[in-house]
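A quick note: this is a predicted structure, and the numbers were derived from the prediction, not measured. A note on names: the letters A, B, ... follow the listed sequences, proteins ahead of strands, and every chain is numbered from 1.
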2 protein chains.
Amino acid sequence: MKPTVHDIARSAGVSLATVDRVLNGRPGVRAVTRSKVEEAIAALGFVRDLAAANLAKSRTYSFVFILPDYDNSFMKGLRREVVAASERASTERTEIRIVAVPHFDPHALVAALEEVLADKPNGVAFVAIDAPEVREIAAKLNEAGVPMVTLVSDLPASSRDHYAGIDNIAAGRTAGSLLGRFLSGREAQVAVLAGSMLVRDHRERVEGFLAVMAEAYPNLRVLPVIEGRDDSALVEEKVSEAFEVTPGIAGIYSLGGGNRGLLRVLRKVPVEARPVVVAHDLTDATRAALGEGIIDAVLNQDAGHEVRSAVRVLKAKADGLPVIEAQERIRIDIFLKDNLP
Amino acid sequence: MKPTVHDIARSAGVSLATVDRVLNGRPGVRAVTRSKVEEAIAALGFVRDLAAANLAKSRTYSFVFILPDYDNSFMKGLRREVVAASERASTERTEIRIVAVPHFDPHALVAALEEVLADKPNGVAFVAIDAPEVREIAAKLNEAGVPMVTLVSDLPASSRDHYAGIDNIAAGRTAGSLLGRFLSGREAQVAVLAGSMLVRDHRERVEGFLAVMAEAYPNLRVLPVIEGRDDSALVEEKVSEAFEVTPGIAGIYSLGGGNRGLLRVLRKVPVEARPVVVAHDLTDATRAALGEGIIDAVLNQDAGHEVRSAVRVLKAKADGLPVIEAQERIRIDIFLKDNLP
DNA sequence: CTGTTAGCGCCTTCAA
DNA sequence: TTGAAGGCGCTAACAG
């Protein structure tokens with residue numbers, strides 16, 4: 001049988017209370033006594049039963065998830081996953097509160113984080129905006145000892161404990177390689193369609209993409225980035241325009257939202273003239289387009305994985321436990337029509 | 001506060017013991033009493049605290065993992081992951097016993113499963129061999145109520161509760177599409193390198209690959225499957241031979257082990273004559289080759305994910321709890337040199 | 001500084 | 001068929 005607090009109390013010749021004080025690093029124990037207990041712990045190889053401890057403490061974990069109030073497919077899916085996680089969590093003495101903030105609004109995010117700082121929950125996860133004010137409040141939260149996970153979009157060189165999201169530079173590179181290989185050697189022009197170059201993840205995807213183009217595909221000329229603001233209608237308009245101005249577009253990297261607009265344009269292009277398309281985010285629209293052969297590859301980040309990972313990490317941090325790095329690494333999923341889930 | 005057994009005992013006007021009997025479906029309760037209790041449970045929305053229950057029962061989960069005693073990179077990695085999982089599990093009242101069996105030996109596997117049947121642990125995970133004897137003992141285990149997960153290789157139409165592994169037909173199709181696209185339209189010959197066509201996952205990969213070739217790439221001629229028995233030396237020999245017999249090989253799908261042998265041959269091929277190569281399993285060797293550009297894409301199944309998933313599923317089954325399907329789906333990871341972990 | 005005692009939420013004898 | 005009481009491993013008052 002695994003040793004319990006009773007065993008080490010007996011072995012060290014002290015009472016349960018003293019063992020507990022040592023275990024939890026509470027004051028009021030003479031150094032001699034403390035070391036007696038510590039020796040017993042080491043000798044018996046005692047590890048405390050977290051479940052029993054939590055039961056005794058009636059401990060409940062309280063986490064806050066701050067999500068942008070944004071209505072594209074990805075954010076909707078992310079929200080759904082957080083809600084699902086929160087429902088499951090309630091069975092396990094874990095309460096997840098969801099806070100919505102206006103999107104792309106650093107001040108709103110800061111305000112939400114300030115409330116968190118006042119609340120002092122056991123952890124907070126949020127979709128970061130890379131702005132000085134945000135970094136500042138993040139530093140404060142860190143000092144206050146609130147475990148912090150950035151979700152989907154990171155805060156560089158910050159005081160967050162963990163980032164649950166993909167490497168966007170690598171994603172851009174991956175898209176570049178796929179497009180380059182699929183176009184194999186043809187002299188051609190390639191369009192890049194982003195949401196907004198003000199958003200860090202989009203910038204990084206473009207950066208990675210352009211790097212690969214420059215390194216490996218001199219035959220491809222990349223047109224100026226089109227910003228569609230993740231908005232189908234605007235995307236449709238701008239892409240149509242691009243096709244008129246540059247009839248020879250042979251490849252498209254769509255790294256933001258609004259793919260429905262893109263697809264409306266593509267469906268009008270004669271089959272033999274269709275460009276190779278690599279897009280982001282597996283949604284009903286992109287999935288269908290992949291099946292039809294209108295999109296050639298979809299890069300995806302698994303929102304469910306990101307949320308579950310964030311919860312696991314917050315719990316581990318709250319307990320001072322180690323994280324299984326490999327489990328928490330968010331993959332850049334590549335989907336062809338053949339490996340759709 | 002969430003309701004506890006006390007609350008429902010009071011609300012139903014019975015004792016704790018009776019509530020417990022109803023909760024655990026034990027006999028010795030009059031139907032009237034039972035329904036009183038059930039009403040209270042429903043009315044208060046009671047859900048039992050599994051952690052507390054397990055503590056009271058001093059419950060420990062006992063799982064058995066049966067792994068082939070096989071020494072390629074993948075199986076070594078798998079074993080490592082099971083060991084790691086077993087170490088973590090010991091903290092959580094979960095004991096994982098690892099049993100090694102000679103590989104490709106249905107009888108040995110059956111013998112191991114028979115011991116499991118005698119033992120009746122709370123769950124068993126094993127790398128299946130698709131043979132009638134195995135299906136038979138699996139059916140018996142199922143009848144005996146032992147939760148069962150197949151790992152890496154499945155048992156079709158069987159009585160397993162869950163399969164923790166990839167869809168190998170889809171993997172073959174994915175490889176086919178990548179190779180087809182990377183070779184874009186060239187008239188060429190393609191070699192397929194398998195371990196053994198006696199193993200189900202290899203057969204399925206070939207099947208998926210050939211299907212895509214037939215459907216979408218009439219320009220590519222697929223040479224007869226080379227069986228390298230997952231053995232570097234043999235692979236090297238047979239691939240060398242293939243290159244002599246068919247100098248024009250422009251693509252290779254390596255779906256089994258022994259990639260080191262393949263790489264030795266490829267490194268001798270003049271750069272301009274190098275074939276497009278899609279291989280399976282991310283190992284030190286394939287990772288390096290991906291970086292060098294000798295391999296173009298690697299398909300991978302994450303052994304760590306498979307093992308953690310198997311443990312989670314076994315625990316859920318043992319507790320009669322639902323499984324989060326999306327979490328347990330094992331992806332076909334596609335790695336280019338740009339998205340290596 | 002240290003020990004005693006009473007729980008946390010649930011399960012399990014043992015009596016009635 | 002039902003209930004009372006004690007315990008799982010740990011924590012937290014409250015006394016000494």
query: Who passes side-chain hydrogen bond (donor to acceptor under 3.5 Å, both in side chains) against A:Asn24, sequence neighbours left out?
result: A:Asp20, A:Arg48
query: Do any side-chain nitrogens or oxygens of A:Arg30 fall under 4.0 Å of OP1 or OP2 in C:dT2?
result: yes
- request: Under the side-chain hydrogen bond (donor to acceptor under 3.5 Å, both in side chains) rule, collect the residues that match up with B:Lys317, sequence neighbours excluded.
  value: none
query: Hey, does A:Arg26 reach any base, or is it just sugar-phosphate, or nothing, if we go heavy atoms under 4.0 Å?
result: sugar-phosphate
query: Which nucleotide span of DNA chain D, 5' end to 3' end, has atoms closer than 4.0 Å to non-hydrogen atoms of chain B?
result: D:dT1 to D:dG9
task: Please work out if B:Val19 contacts a base, only the sugar-phosphate, or nothing of the nucleic acid, heavy-atom cut-off 4.0 Å.
output: nothing
Extract from the structure each pairing of a protein N or O with an N or O of nucleotides 8-10 of chain C at less than 3.5 Å, listing the distance.
unit_1, atom_1, unit_2, atom_2, d
C:dC8, O2, A:Leu55, O, 3.3
C:dC8, O2, A:Ala56, N, 2.9
C:dG9, N2, B:Ala52, O, 3.3
C:dC10, OP1, B:Asp49, N, 2.9
C:dC10, OP2, B:Val5, N, 2.7

message: I need the full list of side-chain hydrogen bond (donor to acceptor under 3.5 Å, both in side chains) pairs touching residues 131-147 of chain A, with sequence neighbours left out, sorted by first then second residue.
response: A:Asp130-A:Arg135
- request: Please collect all salt bridge (Lys or Arg N to Asp or Glu O under 4.0 Å) contacts where either partner lies in residues 80-94 of chain A, sequence neighbours excluded, each pair once.
  value: A:Arg93-B:Asp49
B:Leu44: partners by side chain to side chain contact (heavy atoms under 4.5 Å, CB included), with sequence neighbours left out: B:Pro3, B:Asp7, B:Ile8, B:Ser11
task: Identify, with sequence neighbours excluded, every residue that meets side-chain hydrogen bond (donor to acceptor under 3.5 Å, both in side chains) alongside A:Asp69.
output: none
message: Under the rule for side-chain hydrogen bond (donor to acceptor under 3.5 Å, both in side chains), what residues qualify as partners of B:Arg308, not counting sequence neighbours?
response: none
field: Divergence of helical axes at both termini of the helix from C:dC1-D:dG16 to C:dA16-D:dT1 - five pairs an end, 10° steps
entry: 40°
field: Minimum side-chain heavy-atom gap B:Phe65-B:Val124 below 4.5 Å
entry: no
field: Partners passing side chain to side chain contact (heavy atoms under 4.5 Å, CB included) against A:Lys57 (at least two apart in sequence or in another chain)
entry: A:Asn54, A:Arg59
Which residues share a side chain to side chain contact (heavy atoms under 4.5 Å, CB included) with A:Leu67, sequence neighbours left out: A:Leu78, A:Arg79, A:Val82, A:Ile98, A:Val127, A:Leu151
